[in-house]
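Read through the structure below, which is laid out as structure tokens, and then see the notes.
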Amino acid sequence: MLLLAGYFAGTSAALAQDGPEAPQAAPTADEAASEKPIAKFFDRFVDEEDGKVDFSNVLAKGGFIPMPVIITEPAVDGGFGVAAQFITVPRDNPRRVTRRILGGALTGNGSYGYGYFQSGQAFDGRVSYKFGLAQGKITLDAHPRFLQAPLEYTNKYKYGVLASALIHFADDRFSVGPMIDFRRLESSIEFQNPPIELDRDFNRKLKTGALGFGMHFDGRDNAVTPTRGMNVFVEGKFNADAFGSDRTFQTYKAGFYSFHPLTSDWRLGYKLEVDAARDNFPIYFAPAVNLRGVEMQRYQGSTVFSSEVEVTRQLNDRWAILAFAGYGSADAGDRRLFRDSGAIFAGGGGFRYRLARKLGLDAGLDVAYGPGGGVFYIQFGHAWGTGMD
């Protein structure tokens, strides 16, 4: 995507600068008419202030960024997809971001998915909302304590629907509100005479239906790539027969994300996440350690802790480099489906490019190393974006 945008910018600059020094004949009316639309098209991808590659003007006019989705997650053997992301940010309030994402992906182990996600504000900013619709199939490994080798399983989702609405107080950084989570899936494993702990979760159809409630504080300066402020929330979802769920269980999540400028060129960020599942939850609903460099769903438990520190050095108005380090752990809990993970460490570094200056939107690449080896991630916005509001 950056290379494509760079080509647009380079072509635009060439159109403006190239040409022999000798006087040229004035273009005909037809030639001038044909060149003007081309120049205007390329100019959309160039910032009028510094002449660099930039998508601010495209997004401000309702355009979108075509995002190649390069999946580097080793848990699904990598993969590729495509997504169109529309971002709208009011100039007078950069915290009121509206995001619309439509896309799909296919991975190396046969997993696939497609769907639509939107987040934004309604009623003049008094309500923040999110909703997503998706369908697909995912194949992953679980690591139950009573098996020596990983267990491969597949969940085929007929549908997944998630939504939330947060009502803001007079101080609009504070909000509370309900959420829903409805899914219908079919699970399968290749396992002869599975233990009872697995038999009740796999090779069967399952519906889940949850209602929940969340309390949030959002004081970030920018919801896409924050550089200062905090985002804090506590949420709980309750799956029950009354809501159409085949199983009764609860999931809880608490997150704390903070961003601090240290100097004009340096800034610090850190996150703390606690995820938990209780009662009769399916094994594949168990939370997992969430760190760059740690394989997805590798360390699961009834209660999981993930933390990360990130230091960013701003090289100039466009480019930045960063380093990060994380610690996590998973507690098996009373059901003893999993092993206690002990301390899990990971870390790495990366770079960012300010892709949309007027919106404060960064994109870039991270390389991380954890217990399973090295892995790289393509980032659009902040790496913690999926966990934050």
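Just the heavy atoms: all of them, side chains too, but no hydrogens, waters or symmetry mates, feed the values below.
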Does [X] come within less than 4.0 Å of [Y], counting only side-chain N to carboxylate O?
X: Arg318; Y: Asp54; value: yes
X: Glu235; Y: Lys237; value: no
X: Asp218; Y: Arg173; value: no
X: Lys207; Y: Asp241; value: no

Under 3.5 Å, is there a donor-acceptor pair between the side chain of [X] and the main chain of [Y]?
X: Gln379; Y: Gly381; value: no
X: Arg247; Y: Asn280; value: yes
X: Tyr112; Y: Gly104; value: no
X: Asp275; Y: Pro287; value: no
X: Thr98; Y: Gly120; value: no
X: Asn231; Y: Phe217; value: yes
X: Ser175; Y: Leu166; value: no
X: Asp221; Y: Thr227; value: yes
X: Asn222; Y: Thr225; value: yes

For this session: Report the C-alpha distance between Trp266 and Arg313 in whole Å, list the side-chain angles of each, state the deciding distance to 0.1 Å, and finish with yes or no for side chain to side chain contact (heavy atoms under 4.5 Å, CB included).
Result: CA-CA 5 Å; Trp266 292 87; Arg313 169 73 160 91; 3.2 Å; yes
I'd like to know if [Y] and [X] are part of one continuous hydrophobic network [Ile/Leu/Val/Met/Phe/Trp/Tyr, side-chain heavy atoms within less than 4.5 Å].
X: Phe345; Y: Val311; result: yes
X: Ile138; Y: Leu106; result: no
X: Phe182; Y: Leu206; result: no
X: Tyr159; Y: Leu133; result: yes
X: Val176; Y: Val232; result: yes

[atom1]-[atom2] distance between [X] and [Y], expressed to the nearest 0.5 angstrom:
X: Thr107; Y: Phe80; atom1: OG1; atom2: CZ; answer: 13.5 Å
X: Phe169; Y: His216; atom1: CZ; atom2: NE2; answer: 11.5 Å
X: Arg298; Y: Met296; atom1: CZ; atom2: CE; answer: 13.5 Å
X: Tyr299; Y: His143; atom1: OH; atom2: NE2; answer: 8.0 Å
X: Leu322; Y: Asp366; atom1: CG; atom2: CG; answer: 5.5 Å
X: Leu162; Y: Phe131; atom1: CG; atom2: CZ; answer: 12.0 Å

Which pair of non-hydrogen atoms, one from [X] and one from [Y], has the smallest distance, and what is that distance?
X: Ala330; Y: Ser341; result: N-OG, 2.7 Å
X: Ala223; Y: Arg220; result: O-NH1, 3.5 Å
X: Ser302; Y: Ala332; result: OG-O, 2.8 Å
X: Ser307; Y: Phe305; result: OG-CE2, 3.7 Å
X: Gly328; Y: Leu291; result: N-CD1, 3.7 Å
X: Ala383; Y: Arg352; result: CB-NH2, 4.3 Å

Pair [X]-[Y], side-chain donor/acceptor within less than 3.5 Å:
X: Gln121; Y: His168; value: no
X: Thr263; Y: Asp265; value: no
X: Thr154; Y: Thr139; value: yes
X: Asp331; Y: Thr303; value: no

Problem set entry | Sub-6.0 Å ring centroid separation between Trp384 and Phe259 | yes
Exercise. When the ring centroid of Tyr284 is compared with that of Phe202, is the distance short of 6.0 Å?
Worked result: yes
With the side chain counted from C-beta on, respond yes when [X] and [Y] share a heavy-atom pair under 4.5 Å apart, and no when they do not.
X: Tyr116; Y: Arg100; result: yes
X: Val53; Y: Tyr353; result: yes
X: Leu211; Y: Phe238; result: no
X: Tyr129; Y: Gln118; result: yes
X: Pro371; Y: Val294; result: yes
X: Leu365; Y: Phe376; result: yes
X: Glu310; Y: Arg292; result: yes
X: Lys130; Y: Phe117; result: yes

For this session: Apply side chain to side chain contact (heavy atoms under 4.5 Å, CB included) to Phe174 and Met215, showing your working.
Result: CA-CA 8 Å; Phe174 294 90; Met215 297 181 291; over 6 Å; no
For this session: Assess whether side chain to side chain contact (heavy atoms under 4.5 Å, CB included) is satisfied between Ile167 and Phe123, documenting all intermediate values.
Result: CA-CA 10 Å; Ile167 303 169; Phe123 303 105; over 6 Å; no
Exercise. Do the ring planes of Phe285 and Phe249 sit parallel (below 30°), tilted (30 to 60°) or perpendicular (above 60°)?
Worked result: perpendicular
Problem set entry | Result of checking Tyr270, Tyr327, Phe324 against Val309 for side-chain contact (heavy atoms from CB on, under 4.5 Å) | Tyr270
Exercise. For Asp317, does the CG atom sit with more than 12 other heavy atoms under 6.0 Å from it, leaving out its own atoms?
Worked result: no
Problem set entry | Derivation of the side chain to side chain contact (heavy atoms under 4.5 Å, CB included) call for Lys271 and Asn290 | CA-CA 11 Å; Lys271 78 165 186 177; Asn290 177 27; 3.6 Å; yes
Problem set entry | Arg204: side chain to side chain contact (heavy atoms under 4.5 Å, CB included) partners, not counting sequence neighbours | Ser187, Asp199
